[in-house]
Amino acid sequence: EDDFFHQENLKLTLDELGYTLVGLEDRAENALPIVAEKKPDIVLLDIHLAGEQSGIDLGHQINQKLPTPIIYITSFADTQTFKKASYTYPFAYLTKPVQSFALQSSIELALQQSQTQADAVDKWESDVFFRNCFFVKIGQKLVKILPEEVQYIEVSGNRYCQVVTAKRKA
């Protein structure tokens, strides 16, 4: 956040809600090392920051280096800015001035969704069959198939094949 008034309001609101602020910066260049060092549960980002990089630039960097849930808090309420920000997969996009309840509910939902995703990855990786399987793309999803489930593989045209199991054709 690069605006002093909004910085102070955000600090006060987070304190009232019982959250601990681990850092506050007005430049993306200064914020990334703090995120890397402190490893916060969530990052609240303004889109317009002092310096050359925007909050959206910082959001991309955070996603690449250490995925952390992002909530944008911004004065920009236009479609173009929202669309750019959406490519960083934020958990919420709030416009200023932010109401305390909107901030609290967005933080809680982001933390909840983040934990659910982490649990799903842990379950996926701890599956005893993880190494003894292969993946087939069905629509936009990758589906895990165990070799022992395969009944037969059918050639479909020059480039594709279908893997047939008792449950599905993939």
Side-chain angles (χ1 to χ4, degrees), residues 1-127 130 135-144 168 170:
E1 176 63 62
D2 66 339
D3 179 90
F4 179 76
F5 171 75
H6 289 296
Q7 282 181 356
E8 292 303 311
N9 187 39
L10 186 59
K11 283 196 284 191
L12 181 63
T13 302
L14 289 170
D15 188 52
E16 287 173 358
L17 294 173
Y19 295 109
T20 303
L21 184 65
V22 297
L24 184 62
E25 285 295 332
D26 63 351
R27 296 175 166 277
E29 299 84 7
N30 299 341
L32 191 60
I34 291 173
V35 173
E37 178 190 336
K38 302 283 185 172
K39 294 180 179 50
D41 294 326
I42 197 160
V43 175
L44 305 176
L45 281 178
D46 188 5
I47 289 180
H48 182 268
L49 297 172
E52 294 181 21
Q53 295 181 344
S54 71
I56 295 172
D57 296 329
L58 178 57
H60 282 294
Q61 292 170 2
I62 289 170
N63 284 335
Q64 289 172 352
K65 295 184 179 176
L66 44 130
T68 305
I70 294 170
I71 295 177
Y72 286 107
I73 300 175
T74 183
S75 299
F76 294 97
D78 62 284
T79 305
Q80 185 177 9
T81 304
F82 173 76
K83 195 169 192 172
K84 281 182 186 176
S86 73
Y87 292 127
T88 65
Y89 306 103
F91 282 74
Y93 187 97
L94 304 172
T95 54
K96 297 175 189 174
V98 177
Q99 301 299 316
S100 179
F101 177 76
L103 181 60
Q104 181 178 19
S105 59
S106 294
I107 290 172
E108 288 181 17
L109 288 172
L111 292 172
Q112 200 174 50
Q113 290 173 3
S114 175
Q115 185 58 48
T116 301
Q117 288 175 356
D119 290 346
V121 167
D122 288 345
K123 182 178 183 301
W124 182 267
E125 290 178 349
S126 67
D127 187 346
F130 186 83
F135 299 89
V136 176
K137 188 172 181 181
I138 300 177
Q140 297 298 317
K141 294 173 118 179
L142 285 176
V143 176
K144 182 170 80 170
R168 67 172 72 107

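This chain uses plain numbering: 1 for the first residue, then up along the sequence.
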Steps toward side chain to side chain contact (heavy atoms under 4.5 Å, CB included) verdict (L45, T88):
CA-CA 12 Å; L45 281 178; T88 65; over 6 Å; no
- prompt: Do N9 and V98 have side chains that get closer than 4.5 Å, going by heavy atoms?
  reply: no
Between T68 and P40 the two heavy atoms that sit nearest each other are CG2-O, 3.4 Å
Looking only at heavy atoms, the pair that brings A102 and S105 closest together is O-OG, 3.2 Å
Look only at the side chain of T13 and the backbone of L10, and say whether a donor-acceptor pair between them is shorter than 3.5 Å. no
Tightest non-hydrogen contact, residues F76 and H48, listed as CE1-CB, 3.6 Å
- [ ] Determine, stepwise, if the pair T74 / Y93 fulfils side chain to side chain contact (heavy atoms under 4.5 Å, CB included).
- [x] CA-CA 8 Å; T74 183; Y93 187 97; 3.5 Å; yes
### Task
Check whether any side-chain N or O of D57 sits under 3.5 Å from a backbone N or O of S54 as a donor-acceptor pair, and report yes or no.
yes
- Task: Start with the C-alpha gap between D15 and L21, add the side-chain angles, then the distance that decides, and say whether side chain to side chain contact (heavy atoms under 4.5 Å, CB included) holds.
- Result: CA-CA 8 Å; D15 188 52; L21 184 65; over 6 Å; no
Is there a donor-acceptor contact under 3.5 Å from the side chain of D46 to the main chain of L49?
no
With heavy-atom distances below 4.5 Å as the criterion, would you say the side chains of L44 and L94 are in contact?
no
Taking every heavy atom of G59 against every heavy atom of Y72, the minimum-distance pair comes out as CA-OH, 3.9 Å
Heavy atoms of A31 and L58 approach each other most closely as CB-CD2, 3.7 Å
### Message
Applying side chain to side chain contact (heavy atoms under 4.5 Å, CB included) to Q7 and D26, what does each step give before you reach the verdict?
### Response
CA-CA 9 Å; Q7 282 181 356; D26 63 351; 4.2 Å; yes
K96 atom NZ, neighbour heavy-atom count above 12 within 6.0 Å:
yes
